[in-house]
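See structure below.
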Amino acid sequence: MAEATPILIALESHEGTVRGTSYEALTAGAALAEQSGRELIALVIGSGVTDAAGTVGQSGADRVLIADAPELSLITVDGYAAALDAAIEKTSPGVLLLAGTTAGRDIAGFIAGKHELAHLPDCSTLNIEGEELVASRPVYGNKMMTKVRAALDRTVVATLHTGAFKAPVADSARDVTPEPLEVTINEGDIRVSITGLESSAGQAADLTSADVVIIGGRGLGSEENYKLVQDLAEAMGGAAGATRAVTDLGWRPHYEQVGQTGQKIAPKLYVGVGVSGAVQHTVGMVGSDTIVAINRDPAAPIFKMADFGLVGDLEEIVPKLTEQIRARKNG
Ligand SMILES: Cc1cc2nc3c(=O)[nH]c(=O)nc-3n(C[C@H](O)[C@H](O)[C@H](O)COP(=O)(O)OP(=O)(O)OC[C@H]3O[C@@H](n4cnc5c(N)ncnc54)[C@H](O)[C@@H]3O)c2cc1C
């Protein structure tokens, strides 16, 4: 019985676009579907997401369901849970996978609790072994991995460790016609309403979806010097973020913080400027493809994980780097 149950992926959207991190769940789901011969069903949740759903089909899903309603334009646990309830009812999935975003983690916990389902959070590997979903998840700041398993006799809910899976490459030859999913949301069902969305003005791009992220650390020495990080990010078409030391000092807002108590990022290129590489920071960026560190201390821990290291004073290195990149782009 369990062999036939599909893999259901829930994808978050914002303003009609599927969030980049949600595609990581498609990759993880596609691998599970392939190894166990199951169907991969993607559920796109949001408002005005029909166009976006086409791209999801090209990214590997066998079936694409669309939960499209004005009440789903902003992500709320109750709204998304209503969509997921309908999708679970319709598809009886063996595994329900969500990206490890703040919303994904909230919704997964809620759905698992509501339906009394097994819940595997923050998975960095996933496999189906016999009648069980087997996952590993990092603990103690990535120093150890735990292996966890849950029986597939009922739906198992799992979220992913951000950056552990890369988004799939879309195949334009694939053609999956999205199917509307009927979702009932009555007045009062959404108990927490979002009263406003504050834009992080000044951010070149969302930290979690940017291909290039430049992080400024305490080594900058002053709030004014954060401009070096912003200029480099702007030259490289990336986003600028900060360590907790920097946000604690009030040089940058908390939402720009990356790490254990900040955002989890997995860009193609991470550049740490005056960042020591404390484990509470590195757990939030360890999934980056290429890591570059600029630090005047050759013994700084970040050099142990860096692919490229520049030892020297950031005030000398960073402006030259920015200048060189701008010059190359312009000529
Ligand atoms: C519970 C808990 C949660 C935490 N969560 C987070 C989190 O989410 N994110 C996070 O980032 N931290 C977090 N921290 C804090 C973390 O432990 C570190 O204190 C912090 O990451 C250090 O930030 P930093 O690298 O900017 O500063 P520092 O550790 O002070 O490093 C500054 C670096 O800059 C270099 N430097 C100095 N001057 C120059 C120069 N002129 N040129 C080049 N290099 C220079 C120095 O050699 C040094 O390596 C947390 C801590 C705790 C206890």
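Nothing here was measured: the structure is a model prediction, and the numbers come from that model. Order of appearance sets the numbers: ligands from 1, and atoms from 1 within every ligand.
Put simply, the side chain of Thr91 does not reach to within 4.5 Å of the side chain of Glu39, judged on heavy atoms.
Sorted by first and then second residue, the side chain to side chain donor-acceptor pair (under 3.5 Å) pairs involving residues 157-172 (not counting sequence neighbours) are Asp122-His161, Lys166-Asp289. Within the structure, every pair that satisfies the side chain to side chain donor-acceptor pair (under 3.5 Å) test and touches residues 45-70, not counting sequence neighbours, is listed here: Arg63-Glu179.
Ion pair Arg19/Glu24 not flagged as a salt bridge, since none of the NZ, NE, NH1 or NH2 atoms sits closer than 4.0 Å to an Asp/Glu carboxylate oxygen.
For the side-chain contact (heavy atoms from CB on, under 4.5 Å) test, residues two or more places apart in sequence or in another chain that qualify with Ser136 are Ser124, Thr125, Met145.
Residues Arg137 and Pro121 come closest through the heavy atom pair NE-O, 2.8 Å.
Under 4.0 Å from any atom of ligand 1, one finds heavy atoms of residues Gly217, Arg218, Gly219, Thr243, Arg244, Ala245, Gln257, Val258, Gly259, Gln260, Thr261, Gly262, Gly274, Val275, Ser276, Ala278, Gln280, His281, Asn295, Arg296, Asp297, Gly312, Asp313, Leu314.
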